[in-house]
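Being a predicted model, the structure only gives us computed values, none of them experimental. Naming convention: chains lettered A, B, ... in sequence-line order (proteins, then strands); numbering from 1 in each chain.
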4 protein chains.
Amino acid sequence: MPQAIEPKRKKATSAEKKRMILDAAKRVFEEEGLEGSSLRSIAAEAGYTPAALYFHFSSREEIYAELLSQSLHQLKDYIDQRVRKRETAGERFEEAAWSFFDFYNKNPEDLSLGLYLFRGGIEPQGVGRERNQKLNQELYDCLAPIAEAAEELGADKHLGQNLMARIFAHSTGILLLAHTKRIRLFEQDPEQMMRDYIEEQIKEQNWN
Amino acid sequence: MPQAIEPKRKKATSAEKKRMILDAAKRVFEEEGLEGSSLRSIAAEAGYTPAALYFHFSSREEIYAELLSQSLHQLKDYIDQRVRKRETAGERFEEAAWSFFDFYNKNPEDLSLGLYLFRGGIEPQGVGRERNQKLNQELYDCLAPIAEAAEELGADKHLGQNLMARIFAHSTGILLLAHTKRIRLFEQDPEQMMRDYIEEQIKEQNWN
Amino acid sequence: MPQAIEPKRKKATSAEKKRMILDAAKRVFEEEGLEGSSLRSIAAEAGYTPAALYFHFSSREEIYAELLSQSLHQLKDYIDQRVRKRETAGERFEEAAWSFFDFYNKNPEDLSLGLYLFRGGIEPQGVGRERNQKLNQELYDCLAPIAEAAEELGADKHLGQNLMARIFAHSTGILLLAHTKRIRLFEQDPEQMMRDYIEEQIKEQNWN
Amino acid sequence: MPQAIEPKRKKATSAEKKRMILDAAKRVFEEEGLEGSSLRSIAAEAGYTPAALYFHFSSREEIYAELLSQSLHQLKDYIDQRVRKRETAGERFEEAAWSFFDFYNKNPEDLSLGLYLFRGGIEPQGVGRERNQKLNQELYDCLAPIAEAAEELGADKHLGQNLMARIFAHSTGILLLAHTKRIRLFEQDPEQMMRDYIEEQIKEQNWN
DNA sequence: TATGAATGAGTATTCATTCAT
DNA sequence: TATGAATGAATACTCATTCAT
């Protein structure tokens, strides 16, 4: 019986260590920005030798990809949990849009991480092709509740997707301003701006 | 006599050389992305030794900052010229908003450059404090025509600034999506999205 | 009862496993060259963890040494079998010389292995002192049939050894040229060269 | 006038430094064998930072290639000078063959270097394709005096090349034995062996 | 007997920057 | 104003080996 448990335990601690490394990576990301987050610095933060990380991840990029994937899953959970509690489609639409913004507003380290996808040249780089597609899909899934609610409210597929894109764009723009504190230039409150935008969309579609 | 002319000439060519280096830097930016643009590669592209650049710029960051500054000036010129041609305040508002988006949409290398300001940790880093403020001001100046037109149309100062921030945010968000080709996920046309947003703002303020 | 059998079995499988590891090592040698053959790659090819190999061999060098030893035994068997079939001493001399060359010519991976002994600085390195002497003896044993046949034909001990050395040297030189394809430079056929050399020796000693 | 000299001097010292690095590399080769001769170790031996070597050579392989090329040129000079002094074609043949052997026999570090060409898998590796061809040609040039003398003595082209290959092979084989001290196994004197071989060739061709 | 995790030393190469000339 | 040479710190990644389990 102990033998039956042992392997499970080992797996558990292995996963735990992986998680600890990812957490360390996230901290480095947060504190030093993307440039400072080398494999070395992540290893140091995690209390490991650089070489040790290769037992848990096959390359530096894999760490980034897993970190990002984990972040997107947390975002998805955050949104799903909140949307589920809402009763009407209108409320769900509002909640889906707001919580996307809210998650990143409250977790700036995840924002840095998320924006990693939006760096580099025309094509996102530093993450392999298939990995990139997977991440794209995960991002799409986070925003899907927006389209779902919209469709319940009578929107067609194209409008649903349009609303996903709009809300993503507006959120991201505001977060970028807020995150870099440049929003002060305009003496605006990011949360208020986002609320206004969502309300505007609802009014525009005559959903209230 | 030649010696009397020399200093003037030198000053003239000095500015020219500086410009040539910046142009080279922009080309490198364009071709290799921000990450690939080392001081070395800029020097090579400009036909110089890395060490030579230090006669024109005090650090790699200064090159980036000046490049960005130059880009913001070009943006400002682009917007001003187009806004000036419009007769009514309503048209000027529309033009100011559209041409901000349009400039970056057509010049993706300037977008990469502009987003450089929005990287790093919470605080914009890699650019010194006073330089950062100067760049902030230059960005503000580019968007100012939006507020000016809005105020002509009856908006108060706060609303003017709010519109600057909104349009900046929405443009940036769309450009980010378009620039990284992730907009395909949502099957949307970035230009159409931006046009719709501007129209929405005008309708919302009852300016049409 | 099963426990009583176990030790015997284990011993048997232990030798088998050792052999399997050596075979894997040889394959790696063959495919990736000597430089590419790390302990890791050998372990992977053998279906083991690197650490597991340390139960069978005390170091990476020991694997090389045993592999080499095994190769020299195969060479010895190859030569002995063929020499035994020859009836006259003259034929045996010819066969001993030719089959030494022939074995390596047909088994280039064994040649790489054999040349491993002839690398490093002035002193053969990477193989311990006593191991080196053992390998020397094994090499000597492979060439011994040459001297034996020569002595039967009337050569004294010194001439016998001289012929061993000559034939070893000439074979090795030709194989080196052939193995690295540099023999093309001289537009020669390695097998013909070796045959000529052996014939020359026989003529020189007036053994035909 | 001093200005006219300056650039020359600089070039000279630059070449000198290059040479000093190559000398250091040769020493490392000699002392630590090929495996020990990393860029780091060469730099250390030369009294430089690893990075500094990149001002003089574009890669580690270039250092190896230049070292090898330099060694082959020295070999060629050694042979040419000695052959030139001989009056009859017969003497030139003998000298060309002997001095090839003699050079490597007296300069074991050059032998290690030369054997570098004969390592790796079937195809020589670690040196680029065109570099490899150049080195091949240089090796051929070193041996060319053998064929030239042979042709003067009436050999056709094929026989000339055959003699080059034979002498190369025999020399190399003996050197390998001597270099690794395995020649002791056979209680032979390498120089005598080589002399005997050359004499044999001359007798065989009836050139004496 | 075997593994997974870890280390420490090592690999070549790149970087921004400095400095004597 | 410009260069060539140099540095020191950094980059990701590999290696043989060890050890607790």
Between K17(D) and dG4(F), is there a side-chain N or O to OP1/OP2 distance below 4.0 Å? no
Any chance you could lay out the side-chain contact (heavy atoms from CB on, under 4.5 Å) test for K18(B) and E66(B), step after step, and finish with the verdict? CA-CA 10 Å; K18(B) 224 169 159 171; E66(B) 290 217 16; 3.5 Å; yes
Stretch residues 41-55 of chain D: residues that reach within less than 4.0 Å of DNA chain E through a heavy atom: P50(D), A51(D), Y54(D)
For H56(A) and dG4(E), is the shortest distance between a side-chain N/O and OP1 or OP2 below 4.0 Å? no
Sorted by position of nearest nucleotide on DNA chain F, 5' first, the leading residue of R40(B) and L39(A) is R40(B)
Validation: residues 47-58 of chain D side-chain donor-acceptor distances under 3.5 Å, sequence neighbours left out:
from   : atom 1 : to     : atom 2 : distance (Å)
S58(D) : OG     : E62(D) : OE2    : 2.9

From CZ (F29(C)) to CD1 (I63(C)), nearest 0.5 Å: 10.0 Å
When Watson-Crick pairs (N1 to N3 and N6-O4 or O6-N4) and G-U wobble pairs (N1-O2 and O6-N3) count only below 3.5 Å on both distances, what is the dot-bracket string of DNA chain F, with | for other-strand pairs? .||||||||||||||||||||
State whether S14(D) places a side-chain N or O below 4.0 Å from either non-bridging phosphate oxygen (OP1 or OP2) of dA5(F). yes
Sequence neighbours excluded, which residues qualify as side chain to side chain contact (heavy atoms under 4.5 Å, CB included) partners of S38(C)? R40(C), S41(C)
Find the distance between CD1 (I21(A)) and NZ (K26(A)) and round it off to the nearest 0.5 Å. 15.5 Å
Tell me whether the side-chain N/O atoms of S38(A) come closer than 4.0 Å to OP1 or OP2 in dT11(F). yes
side-chain contact (heavy atoms from CB on, under 4.5 Å) assessment of E30(A) paired with S112(A): CA-CA 7 Å; E30(A) 198 175 344; S112(A) 294; over 6 Å; no
Sequence neighbours left out, what passes side chain to side chain contact (heavy atoms under 4.5 Å, CB included) with Q70(B)? Give chain and number order. R19(B), L22(B), D23(B), L67(B), Q74(B)
Residues at least two apart in sequence or cross-chain that pass side chain to side chain contact (heavy atoms under 4.5 Å, CB included) with E45(B), listed by chain then number, are A24(B), R27(B), V28(B)
